[in-house]
Amino acid sequence: MKNFLFSKVGNLELANPVMIASGVCGFAEENLSVLNRLGAVVFKTVTLQPTKGNPTPRVTDFSYGMLNSIGLENPGVDGIKSKLGHIKKLKCKKIASFLGNNEQEFVTIVEKLQEYKVFDGYELNLSCPNVAKGEWFYDIYKLKKLLVRIRKIVSKPLIAKLSPETDVVKISSLCKTLGYDGVTLTNTYTGIAVDYKNLTFKLGNIYGGFSGPAIKPLVQRWVYEVAKKVKIDIIGCGGIISGEDAIEYFLLGAKAVQIGSGYFRNPQLPVECVEFIRKYLQEKKVNLQQIVGLLTK
Ligand SMILES: Cc1cc2nc3c(=O)[nH]c(=O)nc-3n(C[C@H](O)[C@H](O)[C@H](O)COP(=O)(O)O)c2cc1C
C-alpha cells in the first residue's frame, strides 16, 4: 500500500493526483508547505510577449463561483526567466502552460520553455475564453496542424487543456491519436455579470471565464463522456472545493485533478484534498488506480 496515491497521466508520474490549475498560483508562490505536498503545479499560461491583460474590474464573486477576465496577464516567456530559480526548488512536478496567437508563436514559446530545463511537462492552453484571437482553436483543421507540430517538438509529457465550449470528445480523440499524454478537462465557461444598480457590467471586459462549484456538474459530464468514448488519460478540473469533489472525478475516470478558484478561497485546500483522498483509500483498502473510472467502465 506504499504508493497507493501514485498516479500517471501518460508519462507524467505524480506522487499524488492533486494539482494546482493554471492561473491561480504565482511563478514565485511562497506557499511551499502546500505546493511541495502536491502531485504538480501548473503555472500561469505564458504568452510570447508580456501581456497586460484586460481592463478592470476583472473579477466578480458569487457564492457558487467566480467570473474572471484576467486576460492572461503574464510577463511573457522571456519574463519568467527571473523566476526559474524559485520554480526549480519546488518538490512537486512543475508544468508550464503556454498559449500563442498563432501556430508559430506556440512553437517559439514551447521551444524557449524547453530551453529553461525546469519543467517536467507542458500544458497546451487551447481554451482561454478571455483572448479573442484564440477563436481559431475552433477550426479543427488548424487545430490538428498545431497539435501535430507541438507534439513533434515536445519530448516531455504534453497535456492539452480544453475549453468546455468546444467539441471536447472530438478534440480529446484527436489528442489521443496524436500521442498526447492526456487532456485537462476543462477551462472556464464564458459568462457575463450585470451590475443592475449602476446599469452596467461587472467586468471591464464584459465577458469573463466562469469557474467554481457551479461548473462541476457540467465539467463532470465531459469527463464522463471522454472516459466512456476515448481512451486518453484525463485530468479533471472544475469546481473542486473538497476532497469529495476530487473522488467524484476519479470515479468518473480522471487520473488526476486540478484545483483552480478553490485555491483562492482556501490556500490549504489542495493538501486537504490529498489528505481526504488518502483517508478514503485507506478506509476502502484500495489504491487510487482501483477507483479510477469505476463509474465509466
Ligand atoms: C483568476 C483565474 C485565472 C486563470 N488563468 C488561467 C490561465 O492562465 N490558463 C489556464 O489554462 N486556465 C486559467 N484559469 C482556469 C483554471 O485553470 C481552471 O481551468 C478553471 O478555473 C476551472 O477550475 P475551477 O472551477 O477549479 O476554478 C484561470 C482561472 C481563474 C479563476
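Whatever order the structure lists them in is the order used to number ligands and atoms, beginning at 1.
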Proximal atoms of ligand 1 relative to [X] (non-hydrogen, under 4.0 Å):
{"X": "Ile70", "answer": "1 (C)"}
{"X": "Gly238", "answer": "23 (O), 25 (O)"}
{"X": "Gly239", "answer": "24 (P), 25 (O), 26 (O)"}
{"X": "Cys237", "answer": "18 (C), 19 (O), 22 (C), 23 (O)"}

Test of understanding: given a 4.0 Å heavy-atom threshold, classify the contact between [X] and ligand 1 as side chain, backbone, both, or neither.
{"X": "Asn125", "value": "side chain"}
{"X": "Asn187", "value": "both"}
{"X": "Lys161", "value": "side chain"}

At a 4.0 Å cut-off, with the gap strictly under it, does some heavy atom of Gly212 reach an atom of ligand 1?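 Right, Gly212 reaches ligand 1.
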Lys/Arg N to Asp/Glu carboxylate O, Arg151 vs Asp181, below 4.0 Å: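 A salt bridge is present here (some side-chain N lies under 4.0 Å from a carboxylate O).
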Pair Arg278 + Glu275, salt bridge at N-O below 4.0 Å: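 Result for this pair is yes, salt bridge flagged.
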Taking distance alone, with N or O pairs closer than 3.5 Å, would you say [X] contacts ligand 1?
{"X": "Ser261", "value": "yes"}
{"X": "Val24", "value": "no"}
{"X": "Ala21", "value": "no"}
{"X": "Ser127", "value": "no"}
{"X": "Thr188", "value": "no"}
{"X": "Thr186", "value": "yes"}

Give a yes-or-no answer on whether the side chains of Ser22 and Glu123 include a donor-acceptor pair shorter than 3.5 Å.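 Side chains of Ser22 and Glu123: no pair found under 3.5 Å.
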Phe264 vs Val59, test: side-chain contact (heavy atoms from CB on, under 4.5 Å). Steps then yes/no. CA-CA 12 Å; Phe264 288 143; Val59 176; over 6 Å; no
